[in-house]
Each structure stands twice: as structure tokens, then as C-alpha cells.
Amino acid sequence: MKVAVFKEGIPDERRVALVPDVVARWVKKGVTIAIEAGAGDRAGFNDDAYRAAGAEVTPDRSHLWQTADLVVAVTPPTHDEIGSMRSGAMIMGFLEPLDCPLRMQTLADRGVTALAMEFVPRSTRAQVADALSSQASAAGYKAVLLAAATLPKYFPMLTTAAGTIPPAKVLILGVGVAGLQAIATARRLGAVVEAFDIRPETRDDVQSLGARFVEMAIEEETSGQNGYAKAVSDNLQARIQATVAERAIGADVVITTAKIPGRRAPIMITAETVDQMKPGSVIVDLAAEQGGNCERSHPGHDIVTDNGVHILAPMHLANTVATHASLQYAKNCSALMDWLIQNGEANLNFDDDILSAVCVTHEGNVRNDRVRGLIATLNESQSSPESMVLVS
Ligand code: NAD
């Protein structure tokens with residue numbers, strides 16, 4: 001079996017899907033690992049380290065796409081890359097099945113078996129393969145560092161001969177994996193932190209990290225499946241925005257991480273709230289990839305508003321902690337490969353709940369009901385050809 005790892009095609013993507021330690025483990029098990037030359041450079045893993053681990057390092061990218069049995073990737077393949085894969089080959093990675101369902105159809109049409117890291121279940125057994133969590137944690141950490149570097153103030157309280165500096169006030173919106181890591185990081189830097197989430201069960205986590213939970217009455221069911229949140233009514237979202245506005249106006253830093261899988265991120269901070277925030281205050285919008293939690297965010301860009309509020313809306317922030325994000329991602333993929341590969345060969349056993357959940361396409365079919373539904377909706381809607389072309 002030949003497993004291939006490529007230099008990620010997305011500009012500025014620094015992560016690599018497998019790191020040398022993980023490669024060595026699979027080579028020992030008799031699997032051939034082929035790495036595109038330079039694939040790990042931007043994450044701090046050079047070609048010599050991969051060779052020492054037993055990998056074949058090759059500059060021939062197109063030959064590698066054509067001959068791979070399993071591609072392990074961080075980001076999704078392009079249309080052309082899918083076209084060059086052989087029927088029966090497999091690909092594992094963040095394939096964006098709910099954001100770009102037509103890419104899944106393209107993979108199925110090509111006969112490629114697609115394993116989406118987004119669909120690793122939130123179960124104890126699957127935790128070791130939970131790449132969404134490992135990457136979200138890196139993003140939550142880095143968001144706080146970006147905010148601290150942008151804020152023209154200290155984070156900790158300082159008592160000096162020149163006076164006492166009060167601690168920065170940080171508000172975290174959305175307390176999933178990224179939000180919890182952001183709370184922990186901001187607390188370590190000495191900030192006073194408060195946090196809000198629509199899932200009331202997050203209160204204990206927030207308090208155990210030494211932060212204050214922002215309370216509000218929530219009458220709807222807000223917790224969905226697998227620990228994720230449900231989309232809420234417009235009325236509740238408007239009340240959330242009002243509660244958030246009260247806290248954001250006094251905050252130095254707001255970090256937003258609120259997401260609903262497969263949907264546009266909810267607006268937590270309205271334009272009016274931004275207008276009332278303090279000059280010099282900082283918003284880091286970690287939901288930028290899903291459209292953003294702040295009405296004024298420009299995904300992928302940093303802006304300063306007329307009233308002096310910095311709004312950072314970075315995409316793929318885990319990629320700025322590329323070495324450790326890659327190490328963790330490689331461990332996640334390797335865990336999935338442990339279930340997938342038996343005696344050096346792929347054995348896609350759908351009785352295994354994890355393999356069944358992650359496998360979106362197989363033998364020409366889209367297996368996942370939700371993805372199939374999205375494809376049907378897209379095909380039915382008379383969308384313009386431009387909106388239908390979701391495969392870059
Ligand atoms: P996510 O990235 O989908 O969303 C981030 C947070 O945004 C969530 O906590 C969600 O409740 C919140 N949110 C959504 N809409 C909101 C709104 N309108 N207002 C306020 N907050 C809103 O979530 P995630 O980081 O992937 O984690 C979701 C949950 O799953 C967490 O409780 C996490 O601890 C849990 N989890 C469990 C496992 C496991 O059991 N193996 C693994 C990972 C995560």
C-alpha cells in the first residue's frame with residue numbers, strides 16, 4: 001500500500017499531514033510512504049527527516065497523485081488533483097463535506113473513497129483521531145496571542161512605581177474547544193476573562209478555568225448531537241446580541257468562536273456593537289472561515305474601524321502554529337489509519353462506527369445522508385453556474 005503526502009496547495013498553508021515520527025511508525029508496519037519534496041518544510045520537517053524515517057521523497061507531484069493508494073492531506077484536493085487520482089484510491093483530510101458538497105460528488109464520480117476528518121465522531125474511542133479539536137485548540141491559543149500583540153495595553157495587572165495597571169478584560173464567545181483554550185491562554189497571561197455560550201453545560205468548564213460565565217435566560221433547546229450547538233431562533237439570537245453588546249462595550253479583547261456545523265456562523269457582534277466599543281480594543285473572529293461572528297469582519301483580513309477597533313478575522317489559524325498543529329494532526333490521521341489499515345492493506349469495515357462516520361464517498365456513491373441532501377438541494381436549485389462550481 002502506498003500512502004502519499006503532498007505539499008498543501010492552499011497558499012500560506014504551512015501544515016503537513018504526516019510528520020516524520022508518524023511516517024517511521026507506518027514504514028515499520030510495511031506501508032510505503034511517499035512524500036512530495038518540501039512538503040514539511042513550512043512546518044519545520046525537512047526532506048532529510050522524512051528520508052531518515054524511511055519515506056520515499058519525490059519531486060514528481062503528478063506521478064504521486066496518479067499512483068497513491070491513500071492520500072493523507074490537511075486541506076481538500078483541487079478538481080484537477082481529483083481527476084488525476086485513480087479509481088479505487090482513498091483520500092483522508094479536511095475535505096469540507098458540508099461546505100463544498102459538490103466536491104464530494106466529484107470524488108464519488110471519480111471512484112475515490114473520501115474520509116472526512118470533520119466527521120470523526122465525538123466519542124471517547126474516537127478522541128485520538130479528533131482533528132477538529134486538535135486544530136481548534138491551536139487556533140484558540142493563537143487567537144489570544146494575536147489579540148495580546150495587537151492590544152495597546154498589558155494583559156496582566158501590574159503594580160509598579162509608575163502606578164498600577166489594571167488587567168485586560170477579555171470576552172470569549174463560544175466555549176467549545178477553541179474557546180476553552182482561549183480562556184486558559186488569556187488567564188495564563190493574567191487577563192480577567194468572561195465567556196458566553198448558548199449551551200448552558202459549558203458554565204462549569206468556564207468557571208473551572210477561572211473565568212466568569214455570562215448568564216442569560218435561554219428557553220430553547222440549544223444542544224444538538226455530538227456536543228455541537230443547534231441553530232437558534234432569530235429572536236434568541238437578537239437577545240444574545242444584546243447581552244453580548246453589554247459585555248463587549250467594556251471589553252479590551254473579544255474572541256469569537258461560535259459555530260454551528262454546516263451553517264454560516266451566527267452573528268454575535270453587530271455593527272452597532274462595534275461602533276460602541278473602545279478605541280484600541282481588539283476582536284479576533286475565529287469563525288471567519290464560516291463567514292464570521294462579527295458583522296464587520298472581513299474574513300482573511302485585519303481591519304481598523306473608524307472608531308479605532310481592530311477586527312482580525314484570520315483563516316486557518318492553526319496553520320500559524322504549524323509544527324505542533326502538524327504533529328497533532330498527524331497523530332489524528334495515524335489513529336484513523338490504525339482502524340483503516342489491517343496487515344498493510346486498506347480494510348474499510350463499515351461495522352466500525354468511526355470508519356462508517358468518516359467515509360463520505362465509496363465505490364462511486366455519496367454515503368453520507370446530509371451531504372447527499374445538500375447535493376440534491378444544490379442540483380435542484382437553479383443556481384447560477386458560478387455558485388455551483390464549488391470545487392476550486
Ligand atoms: P464548534 O466549533 O462547533 O462551536 C464552538 C462553540 O460555539 C460551541 O461551544 C457552541 O455551543 C457555540 N455556539 C454556537 N452557536 C452559538 C451562539 N449562537 N451563541 C453562543 N455560542 C454559540 O464546537 P467545538 O469546539 O467543536 O465543540 C463542541 C462541543 O463538543 C464542546 O462541548 C466540546 O467540549 C465537545 N467535544 C467533545 C469531544 C469528545 O467527546 N470526544 C471532542 C471534541 C469536542
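First listed ligand is number 1; within each ligand, the first listed atom is number 1.
Distances between N or O atoms of Arg199 and those of ligand 1 include at least one value under 3.5 Å. On a distance-only criterion, Tyr228 and ligand 1 share no N/O pair closer than 3.5 Å. Residue Gly176 has at least one N or O atom closer than 3.5 Å to an N or O atom of ligand 1. By the 3.5 Å distance cut-off applied to N or O atoms, Val177 is counted among the residues near ligand 1. In terms of N/O distances under 3.5 Å, ligand 1 is not approached by Thr202.
Annotation: side chain of Asp352 is in contact with side chain of Arg125 (closest heavy-atom distance under 4.5 Å).
Defined by atom type and a distance below 3.5 Å, a donor-acceptor pair is missing between the side-chain atoms of Ser137 and Ser134.
In this structure, atom 30 (O) of ligand 1 lies nearest to the protein heavy atom Arg122 NH1, 3.2 Å. In this structure, the protein non-hydrogen atom closest to atom 14 (C) of ligand 1 is Lys259 O, 3.2 Å. Scanning the protein for heavy atoms near atom 19 (N) of ligand 1, the closest one is Met268 CE, 3.3 Å.
Near Ser133, the atoms of ligand 1 lying under 4.0 angstrom from a non-hydrogen atom of the residue are 42 (C), 43 (C), 44 (C). Short contacts between ligand 1 and Ala229, defined as distances under 4.0 Å to a heavy atom of the residue, involve ligand atoms 10 (C), 11 (O), 14 (C). Close approach of ligand 1 to Gln127 is summarised as follows: ligand atoms under 4.0 Å from at least one heavy atom of the residue are 41 (N). Close contacts between ligand 1 and Gln237 involve ligand atoms 18 (N) [criterion: under 4.0 Å to a heavy atom]. The Ile260 neighbourhood of ligand 1 comprises atoms 14 (C), 15 (N), with distances under 4.0 Å to a heavy atom of that residue. Taking a cut-off of under 4.0 Å to the non-hydrogen atoms of Thr257, the atoms of ligand 1 that pass are 4 (O), 5 (C), 6 (C), 7 (O).
Under 4.0 Å from ligand 1, not a single heavy atom of Glu201 appears. Counting heavy atoms under 4.0 Å from ligand 1, residue Pro266 touches it through the side chain alone. Only the side chain of Asp130 comes within contact range of ligand 1, with a heavy atom under 4.0 Å; no backbone atom does. Residue Ser123 touches ligand 1 through its backbone alone, judged by heavy-atom distances below 4.0 Å.
Between Phe6 and Trp65, the ring planes lie parallel to each other; the angle is under 30°, not in the 30° to 60° tilted range.
In this structure, Arg367 is positioned above the aromatic face of Phe350, its NZ or CZ under 6.0 Å from the six-membered ring centre and within 45° of the axis.
Residue contacts with ligand 1 leave out Leu173, since none of its heavy atoms falls under 4.0 Å from the ligand. For the ligand labelled ligand 1, residue Asp197 lies inside the 4.0 Å heavy-atom shell.
Separating the CD1 atom in Ile82 from the CE atom in Met104 is a distance of 7.5 Å, to the nearest 0.5 Å.
Here the side chain of Arg110 pairs a donor or acceptor atom with the backbone of Gly83 at under 3.5 angstrom. Not one N or O on the side chain of Ser334 forms a donor-acceptor pair closer than 3.5 Å with the backbone of Val22. The closest donor-acceptor contact from the side chain of Gln135 to the backbone of Ala325 lies under 3.5 Å.
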Report task. Would you please test Arg86 and Asp69 for salt bridge (charged side-chain N to carboxylate O under 4.0 Å, His left out) and show each step? Result -> CA-CA 8 Å; Arg86 60 168 191 77; Asp69 297 308; 2.5 Å; yes
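Under the 4.0 Å distance rule, the nearest protein heavy atom to atom 27 (O) of ligand 1 falls inside the cut-off.
For Phe213, the CZ atom counts as densely surrounded, since its 6.0 Å shell holds more than 12 non-hydrogen atoms of other residues, nucleotides or ligands. Within a 6.0 Å sphere centred on CG of Asp109, heavy atoms belonging to other residues, nucleotides or ligands number more than 12. Within a 6.0 Å radius of NZ in Lys331, other residues, nucleotides and ligands contribute 12 heavy atoms or fewer.
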